[in-house]
Amino acid sequence: MIEKIDRDPTERAYNKLKSNSYKKYTISYYRNSKILPKIPLLNKKVAWVTSGAPVEILVAAGIMPLYPENYAAIVGGSKQSVDACIIAENDGYSNELCSYARCHLGTVINPSGSLMGGLSKPDIIVSCNNICGTVLKWFQSISEYYDIPHFHFDTPPIVDTKLGKTQENHVFHYVRDQLDDYIEFIKTHTGKRVTEKKIMKVLRLANKATLLWGEILDSCKATPTPLNCPDRFITMAPIVAQRGMKKTITVYEELLEEVHQRVDSKTGAIKNEKIRLLWDNIAIWFYLYPFFNKLAQRGVVFPVDTYTHAWNMTGSVDNYEDAMNDYAKMYSHVYLNQDLSYRVELISKFIKEYELDGFVLHSNKACKRYSMGMLSYKKAITEKTGVPGVIIDGDMVDSRNFSEEQTWTRIESLIEMIEARKS
Amino acid sequence: MIFQKLTSEIDTALNNFDEYLEENNNAMMYFTADIPLEIISAFNFIPIRIPSEIEFNSKNKSTNAIFQPFICSKSRQMLDFLINNNIKHAIFSENHCDSLQNLYDVLRLNESIPNNFQYFRFLLPVNRGGKAETKYYQKEIKRLVTWFEKTTGEKLTSDKLKSSITLHNTKRKLLNTISDMVLEGKIQNNELFKLKLGSDMFPVQKSIDLLNSIIDDRQTIKESNPSPKVILSGSMFDNFEIFEKIPVLNNAVAFNDLTFGSRSTTFEINNQSDDLDTILENISKAYIKDRISDSVHFYPNQRRDYLLSNFERTKAKGVIFIYYSFCDPDAFETRNLSRHLEKRDIPILTLVTDPKLTNIEQLATRVEAFLERIGDL
Ligand code: SF4
Ligand code: SF4
């Protein structure tokens with residue numbers, strides 16, 4: 001039986017990761033991004049990019065990519081995001097908009113009052129709508145604010161996957177051709193040239209890091225699972241923001257080693273694993289550890305989530321043409337750019353492969369693309385897998401849209417349902 | 001008199017939309033203004049936009065059980081319409097925005113579509129104005145043509161397409177003429193938009209006849225005193241009953257910068273060729289390069305320039321933005337356009353509503369106060 005007694009919420013029910021180079025790496029990356037562009041001799045350029053944008057080409061050009069989404073998540077984790085959101089709202093941004101966007105724009109408007117003094121000012125910005133349409137408008141705002149060039153990488157969605165349809169040829173070519181335009185854009189606006197050789201080198205490094213990340217995620221199938229949601233959410237930063245850089249590989253080699261050790265020694269991510277769930281949608285950053293720790297105290301762990309799996313795609317790195325073709329396909333096929341049938345299939349597959357008892361869907365007010373259709377696909381997943389799920393209402397960085405009490409009532413009912421099934 | 005007859009015909013259709021669709025077996029529903037209506041008409045379908053003014057009973061499922069409250073009010077209304085009417089054919093603008101994304105999947109997951117439902121999932125480019133997206137759109141409309149040919153068993157010929165283009169070009173021109181007549185005080189906004197509504201649901205030839213008759217009827221009217229005015233700007237906003245419900249707004253709007261208003265009529269398609277591919281290319285150029293884009297598109301500065309040039313042309317005194325709640329693209333666009341106008345000291349007002357205009361009294365009060373402020377009441 002699952003314990004129902006109230007525990008001290010601060011009592012740690014998880015095993016803390018020993019690997020910490022991911023943290024040091026992220027901190028030093030942000031620190032460097034503040035210093036390097038200011039050294040004229042280095043001629044270091046900064047690009048702000050969305051999490052689904054093709055970053056490898058920027059890295060190959062020696063440009064420093066920075067991720068406003070990643071930064072907003074850090075601001076959220078530091079509980080400074082509501083203040084930043086309010087600044088953006090006071091500047092005319094509706095409070096109905098994505099909270100990453102509001103939070104980040106708040107720090108653009110008021111960098112001196114923001115965490116780390118805001119992100120280093122960009123020379124160019126790159127958005128890609130494979131994760132949502134919001135990023136286009138958000139980045140347009142930035143482009144107008146700083147009066148800097150903006151490249152938008154347009155990736156029409158993948159639909160009718162249920163009918164076995166794949167990306168249409170002309171859609172593929174449209175996306176593929178934009179990669180060439182993108183290289184041209186970088187050259188025109190930063191003076192930085194990218195050679196095929198450099199791109200291939202970066203793609204190989206990115207592939208290697210992604211394979212390591214994929215192996216880490218895969219290892220979570222073990223019982224007990226070696227990583228819980230917060231472990232993956234926190235360690236995912238380099239695969240999102242520093243893909244294609246050498247150090248990212250070292251970071252994940254270290255993490256994988258610890259994951260292997262945990263699997264071999266049957267050391268779980270949490271101390272007493274009883275129930276295994278899936279998490280869908282972005283983390284609730286301002287409530288990350290309290291939320292998952294409280295569940296861990298009840299023996300609930302999350303061996304898999306759709307969020308961190310979104311950065312688990314690799315392509316061919318044999319020759320430039322094949323690599324760029326795969327690259328175009330990869331960026332079109334990210335989780336949020338595929339239809340809902342794909343979502344149902346993928347989550348159902350995870351439920352089976354990770355031997356899960358249920359799933360939690362985070363209906364995220366701040367992210368319409370991720371949450372649209374959730375009520376419908378929840379039902380479809382349960383019908384397909386026989387496993388129960390629950391929807392909780394929240395927001396990744398705007399705590400004003402989150403009710404702790406309501407969330408726990410819903411989670412409680414899921415746990416009870418699973419318990420009853422187990423017994 | 002002519003106008004009253006027309007109004008009553010449109011209202012009857014709107015209030016009994018089920019029956020209207022039943023009578024028009026060849027209705028092709030669509031949601032956004034970048035669907036090439038010329039192709040739909042060339043296959044003898046009637047392109048029908050899902051208007052917000054529509055009345056129907058929500059008999060089946062409620063959208064509240066399907067969409068969370070933060071999904072935009074317009075997509076809720078469209079879903080509501082689709083699950084409660086016997087639609088046979090539709091073109092889905094899948095990637096128009098985050099709220100409309102996967103609308104077809106949501107319908108299917110809710111088992112709300114009849115077996116004989118024929119649909120096309122249009123994968124629109126978000127980038128606008130450039131060569132790559134124009135070429136891409138051309139290929140996507142070729143896919144649409146293939147789908148139509150399969151669905152109807154009929155081949156598209158250049159003749160059919162050319163005559164469809166001629167009709168739609170004529171319709172757009174007539175609507176532009178009527179829009180100019182608003183500025184001249186010969187026709188009212190509520191009338192213009194009633195005509196627009198009719199032309200978005202009637203067969204194109206019928207729309208042309210109606211528009212012509214109205215122009216003839218009103219041409220002789222002497223210019224009434226066109227007072228200083230405002231521009232109404234937005235993208236998805238499409239409940240034009242607002243003009244009936246807020247008379248001061250009806251009088252004050254000199255020009256509209258709305259997707260289903262002026263932005264769906266201020267372009268023309270070249271049909272001087274007999275080669276089908278060239279005609280399709282011309283359609284693409286018109287929709288992707290010439291048509292003024294919406295808030296969901298990437299065409300830097302095009303909207304701003306269009307708005308500003310019409311502001312100058314009409315000698316307007318202010319701009320009223322309007323959008324539906326939880327519409328992220330419009331909310332962003334409105335804020336950014338507002339900043340450009342503020343820099344030029346142009347007075348602005350922003351209204352947020354829903355397709356049923358449930359907060360109409362509050363809107364009316366704010367419009368009145370704004371017009372008073374800019375000295376136009
Ligand atoms: S709307 Fe969603 S996918 Fe888009 S930036 Fe915001 S959180 Fe990310
Ligand atoms: S109103 Fe806005 S969010 Fe809603 S369907 Fe239209 S563009 Fe999308």
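Numbered from 1 within each chain, the chains take letters A, B, ... in sequence-line order. Both backbone and side-chain heavy atoms feed into the values below; hydrogens, waters and symmetry mates do not.
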Should the ring pair A/Phe151 and A/Phe185 be called parallel, tilted or perpendicular, given that the plane angle runs from 0 to 90° and is split at 30 and 60?
tilted
Quick check for you: to the nearest 0.5 Å, what is the distance between A/Asn130 atom CG and A/His333 atom NE2?
11.5 Å
If you count heavy-atom pairs under 4.5 Å with chain A, which of B/Leu103, B/Asn102, B/Val106 comes out on top?
B/Asn102
What residue, out of A/Cys98, A/Ser341, A/Ser127, has the most heavy-atom pairs lying under 4.5 Å from chain B?
A/Ser341
Distance to the ring centre below 6.0 angstrom and angle to the axis at most 45 degrees; does that hold for A/Lys368 and B/Phe70?
no
Give, as side chain, backbone, both or neither, the part of A/Asp393 having an atom under 4.5 angstrom from any heavy atom of chain B.
neither
Against chain B, label A/Asn169 side chain, backbone, both or neither, depending on which of its atoms sit under 4.5 Å from a heavy atom there.
neither
Heavy-atom distance under 4.5 Å to chain A: side chain of B/Leu79, backbone, both or neither?
neither
Measuring heavy-atom distances to chain B, does A/Leu97 have an atom under 4.5 Å in its side chain, in its backbone, in both, or in neither?
both
Among B/Phe120, B/Phe31, B/Tyr119, the one residue meeting ring-ring contact (aromatic ring centres under 6.0 Å, His included) with B/Tyr104:
B/Tyr119
So which part of A/Asn129 gets closer than 4.5 Å to some heavy atom of chain B, the side chain, the backbone, both or neither?
side chain
Are there more than 12 heavy atoms of other residues, nucleotides or ligands under 6.0 Å from atom NZ of B/Lys135?
no
Interchain contact, A/Asp180 with chain B, by part (heavy-atom threshold 4.5 Å):
neither
Mind telling me whether B/Tyr324 and B/Phe237 have parallel, tilted or perpendicular rings, with 30° and 60° as the class edges?
tilted
A/Thr134 versus chain B, heavy atoms under 4.5 Å apart: side chain, backbone, both or neither?
both
When the 4.5 angstrom heavy-atom criterion is applied to A/Leu105 and chain B, the contacting part is side chain
For residues B/His297 and B/Asp34, is any side-chain donor paired with an opposing acceptor at under 3.5 Å?
yes
Per-residue contact mode, A/Ser371 against chain B (heavy atom under 4.5 angstrom):
both
Between B/Arg303 and B/Ser295, is there a side-chain donor-acceptor contact under 3.5 Å, judged purely by atom types and distance?
no
For the aromatic rings, using the six-membered ring if either is Trp, is the centroid distance between A/Phe286 and A/Phe402 under 6.0 Å?
yes
Tell me, side chain or backbone of A/Tyr377 under 4.5 Å from chain B's heavy atoms, or both, or neither?
both
Could you tell me which non-hydrogen atom of A/Leu336 sits nearest to which non-hydrogen atom of A/Arg369, and how far apart they are?
O-NH1, 2.9 Å
Identify which of B/Lys142, B/Arg143, B/Glu94 forms the greatest number of heavy-atom pairs closer than 4.5 Å to chain A.
B/Arg143
Checking heavy atoms, do the side chain of B/Ser325, its backbone, both or neither come under 4.5 Å from chain A?
both
Regarding B/Thr259 and B/Asp238, is there a side-chain donor-to-acceptor distance under 3.5 Å anywhere?
no
Which answer fits A/Ala101, side chain, backbone, both or neither, if we ask what part of it has an atom under 4.5 Å from a heavy atom of chain B?
side chain
Which bit of B/His340 is near chain A, if near means a heavy-atom gap under 4.5 Å: side chain, backbone, both or neither?
side chain
Under 4.5 Å from any heavy atom of chain A - which part of B/Phe92:
neither
Proximal component of A/Asp177, with respect to chain B [non-hydrogen, under 4.5 Å]:
side chain
Residue among A/Ser94, A/Ser363, A/Ser143 with most heavy-atom pairs under 4.5 Å to chain B
A/Ser363
A/Gln338, A/Gln178, A/His150, A/Glu383: which one forms the most heavy-atom pairs within less than 4.5 Å of chain B?
A/His150
With a 4.0 Å cut-off, would you call B/Glu133 and B/Arg128 a salt bridge?
no
